[in-house]
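One structure below.
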Amino acid sequence: IGQTVTVSVYDDPVTSTYEIPLSSRDERSSVWVVEEGQLRQVPISVIDETATFLIVEAFDYAEGIVSLPPANAEPGQPVIVRHAQQGEPS
């Protein structure tokens, strides 16, 4: 009574991942980061996606990821990084 089955699971573990806001991805499956006061486009490899976040393979995010990039973003475009003040949302 009953059956047995042999199952083989092959796993390619990803050891370094980031959870980033879904809004940070542009239409080319890349994100914009700030490096030395300028925008730089970085391709990303998406592992999983939720309603609000992406799980991506680790990448060089330089000084930070632009969470909501402008539609007219261009590589090398100068940016000013605004840091949240105490009590202000970051």
Inset, instruction - Work out which heavy atom in Ile47 is nearest to a heavy atom in Glu57; give both atom names and the distance. - result: CD1-CG, 3.6 Å
Inset, instruction - For side chain to side chain contact (heavy atoms under 4.5 Å, CB included), just list the numbers for Val56 and Arg25, CA-CA rounded to whole Å, side-chain angles, deciding distance to a tenth of an Å, and then say yes or no. - result: CA-CA 11 Å; Val56 300; Arg25 177 176 59 184; over 6 Å; no
Legend entry - Where Pro43 and Ser30 come nearest, the two heavy atoms and their spacing: CA-CB, 3.8 Å
Inset, instruction - Check Gln41 against Asp26 and note the closest heavy-atom contact, atom names and distance. - result: NE2-OD2, 2.9 Å
Legend entry - Set of residues satisfying salt bridge (Lys or Arg N to Asp or Glu O under 4.0 Å) with respect to Glu19, sequence neighbours excluded: none
Inset, instruction - May I ask you to test the Val31-Phe59 pair for a side-chain heavy-atom distance under 4.5 Å? - result: yes
Legend entry - Validation row: Glu63, Glu36 side chains within 4.5 angstrom (heavy atoms): yes
Legend entry - For the student: nearest non-hydrogen atoms of Gln77 and Ala73, plus distance: OE1-CA, 3.3 Å
Inset, instruction - Report yes or no: does Ser23 contribute a side-chain atom to a donor-acceptor pair with the main-chain N or O of Leu68 at less than 3.5 Å? - result: no
Legend entry - Common cluster, Val46/Val33, ILVMFWY with side-chain heavy-atom separation under 4.5 Å: yes
Inset, instruction - Treating Ile, Leu, Val, Met, Phe, Trp and Tyr as nodes and any side-chain heavy-atom pair under 4.5 angstrom as an edge, say whether Val81 and Ile65 lie in one connected cluster. - result: no
Inset, instruction - Measure the shortest side-chain to side-chain distance between Trp32 and Ser24 over non-hydrogen atoms and say whether it is less than 4.5 angstrom. - result: no
Legend entry - Ala62 versus Glu35, closest heavy-atom pair with distance: CB-CB, 3.8 Å
Inset, instruction - Any chance you could measure Ile44, atom CD1, to Tyr18, atom OH, to the nearest 0.5 Å? - result: 12.5 Å
Legend entry - Distance, nearest 0.5 Å, that separates CG of Leu54 from CG of Leu22: 5.0 Å
